[in-house]
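Note sheet for the following structure.
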Amino acid sequence: MRAEALTGGFADAPVQAAQGFRAALEALARPGQIETVAGAAPPAPLSVAAGVLLLVLADATTPVHLAGEWDCPAVRDWVVFHCGAPLVGAADAVFALGDWAALQPVGRFAIGTADYPDRAATLIVELPVLEPAGVRLRGPGIADEAALSLPEVAAFQANRALFPLGLDCFFTCGDRLAGLPRSTRVEAV
Amino acid sequence: MSDQAYNFAYLDEQTKRMIRRAILKGIAVPGYQVPFASREMPMPYGWGTGGVQVTAACLVPEDQLKVIDQGADDTTNAVSIRAFFQRVAGVAVTGATAEATLIQTRHRIPEVPLRAGQILVYQVPIPEPLRFLEPRESETRKMHELEEYGLMHVKLYEDIARHGAIATSYAYPVKVEGRYVMDPSPIPKFDNPKLAGCAAIQLFGAGREQRIYALPPFCDVVSLDFEDHPFVASKADHDCDLCGAGDSYLDEVIVDDAGGRMFVCSDTDFCASRHAAGQRGRLAPLTEGGL
């Protein structure tokens, strides 16, 4: 392990993790709403927001899958040191991290079971651009309709069709994040 | 200043991560009860151990915490939980619904509509709405899986057959987003309409039963009923005797041993703010500063 991996965690974990969680909760409960987070300084290509999500949610009980470019020694060391999470293949992951292309095909990830739909993976998708425009969103958490710059439409429509099973996603870009739970209905504008 | 002997908000970080993951899955599948590894809390089961754990996992130091017990800010359960979080999290507390950012409640939803940025945490004794109809967890889990909720409609029908109306007056079952039947905790059915279209995040914690579930804002929540016996959000047929409100949920208070009684708002903050604004009910004290 390289020494750089030892830095970049929370300075005041109980408070910063709580603030990070509140941002994640608001984001997932209000799809399309973009939250700004702080506190993590992870190695490239991991974004600040993705780093905060991992520090808040991942630990030794949650296997993490790193996809594509994100499966590099710097990120592996950082995740193992700060979260203690086992790094696994896609099928066993509770959290998966990467850009949208690297996470394909998303059918590899757990979508929960009919009696325990909570046993589904959460994807942390790194996006080059994150803005409240583009694909139209409706459903729980949205008063009327919202918009979010999703990487595609069909995959999220297929995911909604699995409800109450399915994948839950966070989209991250720099220090900003947005959420898309499986319950959201997605349509191209 | 919080007590330095405890981690911020009492629970250790590993436990908070576990609870936070359960809350997020609950938000993603509205109305589904997510199992979680409930911890022993420094209060007995039945005193809100589930709600306290959810609150502890959500609290940030900037929060304004409000705790109510059956609508009141000044009853035993509310006072002790509020003091607990003042001690272990050092958060500011308030009685005003509009100022609070996180509200933990036992069996009431505040009268004032909640807004975005607020979180309402319910204390739940029995999270499984089918439990009194089917005691086996393996069976109720299968019933939720298959969306087999006929038994609940039979129960409501038996109410009508016996009493002429649906007699269930609290913990009235609801269907969430057309999928899961959910126990809204023992709130009076008067509060059921406030579950739907609420702008705040609603989280439910059951400590002894080890379940967390959630309603995201603006969720579709429908109280179960029949076409010829529609759901009615009932309340005592009176106005508040202190503030005169005709649209709030009322508690009946016996005032003497000759059958005298008065009806007062169960939501103490709602009643006191109306009183402060000059509204008076039938038995309101005539002098100023009465409440």
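Predicted model, so just to flag it, every value in this text is computed and none were measured. Numbered from 1 within each chain, the chains take letters A, B, ... in sequence-line order.
At a 4.5 Å heavy-atom cutoff, the contact between A/Ala58 and chain B is made by backbone atoms alone. Both the backbone and the side chain of B/Gln14 have a heavy atom closer than 4.5 Å to some heavy atom of chain A. With a 4.5 Å cut-off on non-hydrogen atoms, A/Tyr116 touches chain B through its backbone and its side chain both. For B/Ala200, the part lying under 4.5 angstrom from a heavy atom of chain A is the backbone only. Looking at A/Phe10, neither its backbone nor its side chain comes within 4.5 Å of chain B, counting heavy atoms on both sides. For a residue to count as touching a neighbouring chain, one of its non-hydrogen atoms must lie under 4.5 Å from one of that chain's; by this rule A/Thr184 does not touch chain B. With a 4.5 angstrom heavy-atom cutoff, B/Leu11 does not touch chain A via any of its atoms. Residue contact with chain A, scored on non-hydrogen atoms closer than 4.5 Å, is absent for B/Ile19. With a threshold of 4.5 angstrom between heavy atoms, A/Leu55 approaches chain B through N, CA, C or O but not through any side-chain atom. Contacts between B/Ala199 and chain A at a heavy-atom distance below 4.5 Å involve the backbone alone (N, CA, C, O). Of the atoms belonging to A/Ile142, it is backbone heavy atoms, and not side-chain ones, that fall under 4.5 Å from chain B.
Between B/Lys16 and A/Asp59, no side-chain nitrogen of the basic residue sits less than 4.0 Å from a carboxylate oxygen of the acidic one, so the salt-bridge criterion is not met.
The candidate from A/Arg22, A/Gln19, A/Arg182 with the greatest count of non-hydrogen atom pairs under 4.5 Å with chain B is A/Arg22. Interface summary for chain B: among A/Gly179, A/Pro181, A/Pro117, the most heavy-atom pairs under 4.5 angstrom belong to A/Pro117. Interface remark: of the candidates B/Asp220, B/Val34, B/Asp12, B/Asp63, B/Asp63 forms the most heavy-atom pairs closer than 4.5 Å to chain A. Chain A forms the most heavy-atom pairs under 4.5 Å with one residue out of B/Ala22, B/Cys58, B/Gly26, and that residue is B/Cys58.
A distance of 3.5 Å separates NZ of B/Lys25 from CG of A/Asp168, quoted to the nearest 0.5 Å. B/Ile23 CD1 to A/Leu28 CG: the interatomic distance, rounded to the nearest 0.5 Å, is 11.5 Å. Once rounded to the nearest 0.5 Å, the distance linking NE2 of B/His144 with CG of A/Asp115 reads 12.0 Å. Note: B/Ile27 CD1 to A/Arg30 CZ = 9.0 Å, rounded to the nearest 0.5 Å. Distance check, rounded to the nearest 0.5 Å: CG of A/Leu25 to CG of B/Leu203 gives 6.0 Å. The distance from the OG atom of A/Ser183 to the CZ atom of B/Arg179 is 13.5 Å, given to the nearest 0.5 Å.
Minimum interatomic distance between B/Phe8 and A/Ala18 (heavy atoms only, all atoms of both residues): CE2-CB, 4.3 Å. Among all heavy-atom pairs drawn from B/Pro35 and A/Asp118, the shortest one is CD-OD2, 3.8 Å. The two atoms that bring A/Pro140 and B/Cys219 nearest to each other are CB-SG, 4.2 Å, heavy atoms only.
Annotation: side chain of B/Tyr180 is in contact with side chain of A/Pro164 (closest heavy-atom distance under 4.5 Å). Taking the side chain as every heavy atom from C-beta outward, B/Leu24 and A/Phe21 approach each other to under 4.5 Å.
At distances below 3.5 Å, not a single donor-acceptor pair connects side-chain atoms of B/Arg20 with backbone N or O atoms of A/Leu57.
Between A/Thr61 and B/Arg21, the side chains place a donor N or O and an acceptor N or O closer than 3.5 Å (distance only, hydrogens not considered).
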